[in-house]
Asks: 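One structure, pasted below without further comment.
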Amino acid sequence: MKVHPQIDDRLREWIEEQPVFFVASAPSGPHGHVNVSPRGMRGTFAVLGPLRVAWLDYHGSGAETIAHLRDNGRVTVMFCAFTGPPTVVRLHGRGVATPLTDPGFRPLLAQFPDPPDLHGVRAVITVEVERVSDSCGYSVPLMDYRGDRDLLLRWGARKTDEDLADYRARKNATSIDGLPVF
């Protein structure tokens, strides 16, 4: 394993090439569920600086990451190479969720040069990275990327802004451990 002082240009390029990443978070204290969520879709992750990253958080069946960030801010983002040389990169840090109802939401969208449809985005997650590391990934399988799924975008496209607000109120109000989300 190697710890890097920051996300340099080489790591930035590698990160931006990965079609999927994983987000891990947990509530404070010894109880509650540790959450790991796969994320993807080209254009939804951005390296904002040597120690700052962000991603577009779309409506989904849960909102654990946002609840955990509100609780304690701790988050780890992991990328795995499924093609090319075996590599795993982890970004440990403190994150903040900026929901679409926040005045700071629109300016954050400008940080994503080529996002997919933005209608279903419920927040932008920004992370101040405290630790950047990579490891070998020798046991990560080789897999072929065939493209992004469009199901989430199609689901969101069928919803009005009011439908999405209702969805957040009904389905994303609390985490599985009862922590508030929005």
Asks: Search all heavy atoms of Ala67 against all heavy atoms of Val181 and return the closest pair with its distance.
Replies: CB-CG2, 3.9 Å

Asks: A side-chain contact here means heavy atoms from C-beta on lying under 4.5 Å apart; do Thr44 and Arg39 qualify?
Replies: no

Asks: For residues Ala123 and Ile66, report the shortest heavy-atom separation together with the two atoms involved.
Replies: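 Of all heavy-atom pairs spanning Ala123 and Ile66, the closest is CB-CD1, 4.1 Å.
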
Asks: Can Asp166 and Arg170 be counted as an ion pair, charged N to O under 4.0 angstrom?
Replies: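 Yes, charged N to carboxylate O under 4.0 Å.
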
Asks: Determine the interplanar angle of the Tyr167 and His59 rings, folded into 0 to 90°, and report it as parallel if under 30°, tilted if 30 to 60°, perpendicular if over 60°.
Replies: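 Perpendicular: the ring planes of Tyr167 and His59 meet at over 60°.
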
Asks: Taking atom types as modelled, is there a side-chain donor on Thr87 or Asp134 under 3.5 Å from an acceptor on the other?
Replies: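 No donor-acceptor contact under 3.5 Å links the two side chains.
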
Asks: Using the side-chain contact (heavy atoms from CB on, under 4.5 Å) rule, take Lys2 and Ser135 through it: C-alpha gap first, then chi angles, then the decisive distance, then the call.
Replies: CA-CA 7 Å; Lys2 180 178 179 184; Ser135 57; over 6 Å; no

Asks: Would you compute the distance between atom OG1 of Thr98 and atom CG of Leu109 and round it to the nearest 0.5 angstrom?
Replies: 10.0 Å

Asks: Report yes or no: is the cationic atom of Arg42 (NZ for Lys, CZ for Arg) under 6.0 Å from the centre of the six-membered ring of Tyr145, at an angle within 45° of the ring normal?
Replies: yes

Asks: Thinking salt bridges, do Arg52 and Glu128 make one under a 4.0 Å N-O criterion?
Replies: yes

Asks: Return the minimal non-hydrogen interatomic distance between Phe22 and Cys80, and the atom names on each side.
Replies: CE1-SG, 4.5 Å

Asks: Passes ring-ring contact (aromatic ring centres under 6.0 Å, His included), Phe79 versus Phe45? Steps please.
Replies: CA-CA 11 Å; Phe79 300 85; Phe45 191 90; 5.1 Å; yes

Asks: Roughly how far, to the nearest 0.5 Å, is the CG atom of Asp57 from the OG atom of Ser37?
Replies: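 The OG atom of Ser37 sits 8.5 Å away from the CG atom of Asp57.
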
Asks: Any side-chain heavy atom of Phe21 sitting closer than 4.5 Å to one from Ile15?
Replies: no

Asks: Looking only at heavy atoms, which two atoms of Ala169 and Ala173 are closest? And how far apart?
Replies: O-CB, 3.4 Å

Asks: Quick check: does any side chain N or O of Glu64 sit under 3.5 Å from a backbone N or O of Ser25, one acting as donor and the other as acceptor?
Replies: no

Asks: Is the backbone N or O of Leu11 less than 3.5 Å from a side-chain atom of Asp8, with the two atoms forming a donor-acceptor pair by type?
Replies: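 Side chain of Asp8 to backbone of Leu11: a pair is present.
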
Asks: State whether a side-chain donor-acceptor pair under 3.5 Å links His68 with Asn35.
Replies: no

Asks: I need the His4 NE2 to Arg10 CZ distance, nearest 0.5 Å.
Replies: 5.5 Å

